[in-house]
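Reviewing the structure listed below.
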Amino acid sequence: MKVHALWIYPVKSLAGIPIDDFVLDDFGPAGDRRWMIIDDERRFVTQRSHPELATIATAMVDGKVGVDIPGQGRFQLTPSSTELRALVWNDWVPALEATEDANAALSQFCGASLRFVYMDDESFRRVDTARVLDRRRVSFADGFPLLVTTTASLAELNERLAAPVEMRRFRPNLVVTGSAPWAEDGWRELTVGDIRFSLVKPCSRCVMTTVDPDAGTKDPEVQPLRTLSSYRRTAEGVLFGMNAIHESTGRIRVGDPITVNPTE
């Protein structure tokens, strides 16, 4: 097995960026989901309620995040001095509001009052303590630093669909090739290059998988979620992929070898 693809998502729920390699820092892939969108109640906003967010492209240049908002223009996201606490799932997290130009353009595009917020290095959001006992941090990602998926599982799902879907629907960070379909269900530890990963929770999928990443619209037939639900539903939800934490910092690259570590 080896690394087939790597992705980062500078802004939670906006378009991701495929890259050849990334550095793992304390949060996870460097720059991944350090920005997020909130409403006037300071609650996180995603493609679940605003599927059009999928069409906002992102870029990272010299550590700076840019967004290209259709019909509004390109903006560099810059934290202001305005501090607030933003809600992502059940966590109220200290954050910095972006400067107003990008916020106004985003609000105009979505037809709602929205703001970008940034998690700086001083902010600490803890990984789900029900799954990870160590005091580990995570960005604005749903709950864990990385999501691992496999090309084989996507291919098996696509065999069941009238219209195949791309891996972009599932928003992974690390895509594995060379495994059997759904082999990841049984993985507990991987070594990627020379970095060890613990796979700590199956990933339960939601309506975001039905959003066409190019059109920014939800599939009227609720695909691929409907088909996935027909045979991948468990007590933990409708599963595709595994949430992971990295056990050290370092760099991983497309093409790096992957081994499944034996566990007791």
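Remember, predicted model here, so these are calculated numbers, not experimental data. Computed over heavy atoms, backbone and side chain alike; hydrogens, waters and symmetry mates excluded.
Other members of a hydrophobic cluster containing Val23 are absent, since no ILVMFWY side chain comes under 4.5 Å of it, directly or through relayed contacts. Phe124 shares a hydrophobic cluster with no other residue; no ILVMFWY side chain has heavy atoms under 4.5 Å from its own. With side-chain heavy atoms closer than 4.5 Å counting as contact, directly or through intermediates, the hydrophobic cluster containing Ile245 also holds Val127, Val132, Val138, Phe144, Val200.
Note: the hydrophobic cluster containing Met167 does not contain Ile258 (ILVMFWY, side chain heavy atoms under 4.5 Å, direct or indirect links). In the hydrophobic cluster analysis, where Ile, Leu, Val, Met, Phe, Trp and Tyr join through side-chain heavy atoms closer than 4.5 angstrom, Met36 is grouped together with Phe27. If you chain together hydrophobic residues whose side chains sit under 4.5 Å apart, Leu24 and Val254 fall into the same group. No continuous path of hydrophobic side-chain contacts links Val45 to Leu87 [ILVMFWY only; heavy atoms under 4.5 Å]. Met1 and Met242 fall within the same hydrophobic cluster, defined by Ile, Leu, Val, Met, Phe, Trp and Tyr side-chain heavy atoms under 4.5 Å apart, directly or through other members.
Minimum interatomic distance between Gln72 and Ala105 (heavy atoms only, all atoms of both residues): CG-O, 3.6 Å. Closest of all the heavy-atom pairs between Pro164 and Asn158 is CA-OD1, 3.3 Å. Summarising the geometry of Arg137 relative to Ser123, their closest heavy-atom pair is NH2-O, 2.6 Å, with the distance given to 0.1 Å. In plain terms, the two heavy atoms of Phe109 and Pro70 that are nearest each other are CD1-O, 3.5 Å. The minimum heavy-atom distance between Gly28 and Pro145, with the atom names listed, is CA-CB, 3.9 Å. Taking all atoms of both residues into account, the shortest heavy-atom contact from Ile8 to Pro29 is CG2-CB, 3.9 Å.
The closest side-chain heavy-atom distance from Ile56 to Asp68 is not below 4.5 Å. Looking at Val148 and Val176, their side chains come closer than 4.5 Å, going by heavy atoms from C-beta outward. Using a 4.5 Å heavy-atom cutoff, the side chains of Asp219 and Asp212 are not in contact. Here the side chains of Leu239 and Cys203 are not in contact, with every heavy-atom distance at 4.5 Å or above. Side-chain contact check for Thr149 versus Leu154: every heavy-atom pair is 4.5 Å or farther apart. Within the 4.5 Å cutoff, no side-chain heavy atoms of Thr217 are placed close to those of Val211. For the pair Met119 and Arg125, the minimum side-chain heavy-atom distance is below 4.5 Å. Side-chain contact between Leu96 and Val117: absent, with no pair of heavy atoms (C-beta onward) separated by less than 4.5 Å.
Atom OG1 of Thr209 is separated from atom CG of Leu228 by 7.0 Å, given to the nearest 0.5 angstrom. The structure places CG of Asn173 at 10.5 Å from NE2 of His246, a figure rounded to the nearest 0.5 Å. Rounding to the nearest 0.5 angstrom, the gap separating the CZ atom in Arg160 from the CD atom in Gln223 is 12.0 Å. Between the CG atom of Leu14 and the CD atom of Gln47 there is a distance of 8.0 Å, given to the nearest 0.5 Å. In this structure, OG1 in Thr55 is found 9.5 Å from CD1 in Ile69, a value given to the nearest 0.5 Å. Rounding to the nearest 0.5 Å gives a distance of 9.0 Å between CG of Asn103 and CG of Leu114.
Look at Asp185 and Arg232 and you find a salt bridge, because one of the NZ, NE, NH1 or NH2 atoms lies within 4.0 Å of a carboxylate O, short of that distance.
Judged as a ring-ring contact (aromatic ring centres under 6.0 Å, His included), and not counting sequence neighbours, Phe22 has no contacts. Here Tyr118 pairs with Trp35 under the ring-ring contact (aromatic ring centres under 6.0 Å, His included) rule; sequence neighbours left out. Looking at residues two or more places apart in sequence or on another chain, you find a side chain to side chain donor-acceptor pair (under 3.5 Å) between Asp40 and Ser113. Legend: residues meeting side-chain contact (heavy atoms from CB on, under 4.5 Å) with Pro257, ordered by chain and number and at least two apart, are absent. In this structure, the side chain to side chain donor-acceptor pair (under 3.5 Å) partners of Glu166, at least two apart in sequence or on a different chain, are Arg168. Under the ring-ring contact (aromatic ring centres under 6.0 Å, His included) criterion, Trp92 pairs with no residue at all, not counting sequence neighbours. In this view, Asn261 and Glu189, Thr191, Arg196, Thr259 satisfy the side-chain contact (heavy atoms from CB on, under 4.5 Å) rule, not counting sequence neighbours.
Applying the 6.0 Å contact sphere to CD of Gln108 captures no more than 12 heavy atoms from other residues, nucleotides or ligands. For Arg74, the CZ atom counts as loosely surrounded, since its 6.0 Å shell holds 12 or fewer non-hydrogen atoms of other residues, nucleotides or ligands. Counted within 6.0 Å of NZ on Lys201, heavy atoms from surrounding residues, nucleotides or ligands total more than 12; the atom is thus considered enclosed. A 6.0 Å sphere centred on CD of Gln76 holds more than 12 heavy atoms belonging to other residues, nucleotides or ligands.
Legend: ring pair (Phe, Tyr, Trp, His ring centres under 6.0 Å) pairs involving residues 193-240, not counting sequence neighbours, sorted by first then second residue: Phe170-Phe240, Trp182-Phe240. Pairs engaging residues 3-15 under the side-chain hydrogen bond (donor to acceptor under 3.5 Å, both in side chains) rule: Lys12-Asp142 [sequence neighbours left out].
Checked by atom type, the side-chain pair Glu247/Ser198 shows a donor-acceptor distance below 3.5 Å. No hydrogens or angles considered: nothing links the side chains of Thr227 and Ser230 as a donor-acceptor pair under 3.5 Å.
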**OP:** Determine, step by step, whether Leu6 and Ile252 satisfy the side chain to side chain contact (heavy atoms under 4.5 Å, CB included) criterion, reporting the C-alpha distance in whole Å, the side-chain angles of both residues, the deciding distance to 0.1 Å, and the verdict.
**Re:** CA-CA 9 Å; Leu6 297 169; Ile252 60 175; 3.8 Å; yes

**OP:** Kindly determine whether Arg131 and Glu236 satisfy salt bridge (charged side-chain N to carboxylate O under 4.0 Å, His left out), including the steps that lead there.
**Re:** CA-CA 13 Å; Arg131 299 286 180 164; Glu236 301 223 49; 2.5 Å; yes

**OP:** Walk me through it: do Leu157 and Ser153 pass the test side chain to side chain contact (heavy atoms under 4.5 Å, CB included)?
**Re:** CA-CA 6 Å; Leu157 170 61; Ser153 295; over 6 Å; no

**OP:** Go through the steps for Phe75 and Phe116 under the test side chain to side chain contact (heavy atoms under 4.5 Å, CB included), then give the verdict.
**Re:** CA-CA 12 Å; Phe75 302 86; Phe116 292 101; over 6 Å; no

Original post:
So Glu97 and Leu84, side chain to side chain contact (heavy atoms under 4.5 Å, CB included) or not? Walk me through it.
Top reply: CA-CA 7 Å; Glu97 186 176 336; Leu84 49 75; 4.0 Å; yes

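Checking side-chain atoms of Asp134 against main-chain N and O of Arg136 turns up no donor-acceptor pair under 3.5 Å. Looking at Ser80, its side chain does come within 3.5 Å of a backbone N or O of Thr82 through a donor-acceptor pair.
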